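Notes for the one structure printed next.
Values below: every heavy atom of this structure, side chains too, minus hydrogens, waters and symmetry copies. Lettering follows sequence order; numbering is per chain, from 1. No experiment lies behind these values; they were computed from the predicted model shown.
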Amino acid sequence: MSNYDTLNPRQREAVFATEGPLLVLAGAGSGKTRVLTHRIAYLIEELGVNPWHILAITFTNKAAAEMRERVDNLVSFGAEEIWVSTFHSMCVRILRRYGEHQGYASGFTIYDGDDQRTLMRQILKTMNLDPKQYRERAALGVISSLKDKLITPETFLMSATDFRQKTYGEIYREYQSQLKKNNAMDFDDLICQTVALFENNPDILKYYQERFRYIMVDEYQDTNQAQFRLVSLLADRYKNLCVVGDDDQSIYKFRGADIENILSFEKHFPGAKVVRLEQNYRSTQNILDAANAVIAHNRGRKEKTLWTQNVSGEKVRVKQFDSARDEADYIAKQIRDSNFAYEDQAVLYRTNAQSRLIEERCVYYNVPYRLVGGVNFYQRKEIKDILAYLRLMSNSVDDLSVLRVINVPKRKIGATSVGRAQDFAAQQGISLFDAVCDAVHIPGMGKAAEKMTAFADLINRFKERAVEGESIKALIEGILDETGYREELQAEDEDAVQGQTRLENIEELINKAASYEAETEVPNLDEFLEQVALVADADRMEEDPNRVTLMTLHSAKGLEFPKVYLVGLEEGLFPSFMAMDSGDPKDVEEERRLCYVGITRAREELEITAAKKRMINGEWRECKLSRFVGELPSDVEVERVGLGDGERAAKPSGFGASTSRTSLGNARNGRGFGSSYNPYASAAKTPSSKPSFGKTFSVQKEKPDYAVGDRVMQERFGAGTVKEIKDGARDFEVTVEFDGAGQKRMLASFAKLQKISE
DNA sequence: TCGAGAATTGTTTTT
DNA sequence: CAATTCTCGA
């Protein structure tokens, strides 16, 4: 019965090695998903394994959905019994069931990055910490990496030596206690709480061990220590663990991914079998040569070389442009004129910020695009507001959600009143929502008390409706109409598109809810919120519309396109500054892997571009060609391109190339969610020589005639001492300590400082 | 209480 | 440059 004849010998080996630990080193495009799906089919059809006993873990919902679909096509029965899931949704499912053992009620809320920051901001404030010394982002980073390593606040505090570490320990402890109080978990908690649950409850662990007799993990190179532990625990009984990955594609170190997990798999799981998949079915020989040449510069990898029987194809092209604008212009034009369909082309970049220029040029040339990433649909204000209302219906102890919507739309409940309620809640040891319900008893509340109880009643009524089984769609519509939210949006910005766009986004959310309810047998609010919390951007990428795809290299992992543009290959951008001057060469290696991932997304054609200068945070930066370009095979040529047609050549250095930036950038509403079509498409005939409005040309900067330490006089502030002179992009920035007015930072050309001698 | 405008500040990648 | 926070006036 041979499905399996279509597999190559290595692939077959991986499919048939069902018992015991197995590491499949799958190079890019080597058919690993085929292996996984055939392996599952083999287990069920040939070995008679009950689908119920199979667990397949992926990183994205998209990958999970794809795998499920392919398994469905291969297996004749029972495919729906298999758990195909991401780490996060698997853990949520387990925790919804057994979370009480860890002190969380089943309706717990999942906090996204924004929620985490809001919570952290409050914590830092209440702990009275200097916001310069302890920043939200830094604190959350510390906590996240501790959680990735399964270190609890208590353990960390015990090992903390210096004051700073101790403080972080305290912050961590407070953060955890706040989460628990709000009955909420962040993404990292989902994993570590599950691990803790298993470690504290052998019976529960045993249940899942018995259940999951065959475990498969995709993208294993991206697992962190906590995920490793989780998998080890689950596989500990039957040891039928198959992991698939490629150390050369490990690109999530910043998120705690530990490349050691894959490099030391054989050590962790003695007797593990290793299978290498090195035949590539995706790319042309030329593209593979490029990929191999670049990645060969990394050390400490599992040696492997991809080969292919595909044709050699077009040569890889590299072009360097004068400016990032020229680069973007070229790409948009090239996409328009290409023989490839739009949907067969993709532009891949290192940072989300790079998409702007490309978008602008696509608008200009009428190129339809689809932007993946950037501001996530579910992070938009209006969406988060509605979701906060929904969250309150299932988990009213979530103070963060109360804070978010208590005065949205405006109810005349100000910060002072909310503050009083918070104090009261803290004092009584109750949740903020309970305090709000009981607002009449809060001291000093005055008139705001009525407003608060009205709000509480509103929420309580919705809560009842949710319990009574009103549909999510109807609930959202209820919120929209009965809270006055819709009215407020309609009132705001009558001229701008804002309010309208927001309403459209909410419509989109309603559609999501409706389709969730349509395709789920027993829809429930918690599950809907969970799905919403765990979607990745790439998950929402729809297949069909004929548009070019714009996305980061990270989101591109696992995808492929006939034609790929790899852009912004410049030192400082790619590899990033962060990686370059971290002092750890391993960081540049990770960037190189990212480059490898990018190259290997291409099936037929690959074009690499760079710019000599680009605007970064408001400053023009001169950019050198990325080292990765130098690592390409020697037959790849670098073409230096002057200014393209239609534009006069400007002086290559200094100002000039920024002349006419027509503000097409305003077409930025409706990003993402498949709605990023461009409304200006047919109006885009504006010649690029049209003078721009409002944007003035850089001031010719003049070096000041004073220096640091000099005494100077200023019209408004009087006499002072020059503290610092910084050579900014458009002007010199001068910092002066004024005798009367204190320290000021100003631009030299406007400050009109006069040197004085005393 | 709240909005508008000023000031400040950040510089990757995301489940 | 853009996004966010801060400040001030009504």
(message) Taking the P atom in each of B:dT13 and C:dT4, what is the distance between them to the nearest angstrom?
(response) 14 Å
Using a cut-off of under 3.5 Å, enumerate the N/O to N/O pairs linking the protein to nucleotides 2-5 of chain B.
from  : atom 1 : to       : atom 2 : distance (Å)
B:dC2 : OP2    : A:Asn407 : ND2    : 3.2
B:dG3 : OP1    : A:Lys410 : NZ     : 2.9
B:dG3 : OP2    : A:Lys410 : NZ     : 3.4

Which part of the nucleic acid, if any, lies within contact of [X], taking any heavy atom under 4.0 Å across all strands shown: a base, the sugar-phosphate backbone alone, or nothing?
{"X": "A:Thr552", "result": "sugar-phosphate"}
{"X": "A:Thr416", "result": "sugar-phosphate"}
{"X": "A:Tyr252", "result": "sugar-phosphate"}
{"X": "A:Phe59", "result": "sugar-phosphate"}
{"X": "A:Ser417", "result": "sugar-phosphate"}

(request) State which of B:dT12, B:dT14, B:dT15 makes the closest approach to the side chain of A:His88. (result) B:dT15
(request) Would you indicate which nucleotide in B:dT12, B:dT14, C:dA2 comes nearest to any side-chain atom of A:Arg356? (result) C:dA2
(request) Using a strict 4.0 Å threshold on nitrogen-to-oxygen distance, state whether A:Arg420 and A:Asp423 make a salt bridge. (result) no
(message) Taking the basic N atoms (NZ, or NE/NH1/NH2) and the acidic carboxylate oxygens, is any pair closer than 4.0 Å for A:Asp186 and A:Lys147?
(response) yes
(message) Between A:Arg135 and A:Thr351, which residue's closest nucleotide on DNA chain B lies nearer the 5′ terminus?
(response) A:Arg135
Below 3.5 Å between N/O atoms, which protein atoms pair up with nucleotides 5-10 of chain C? Just atom names and distances, please.
none

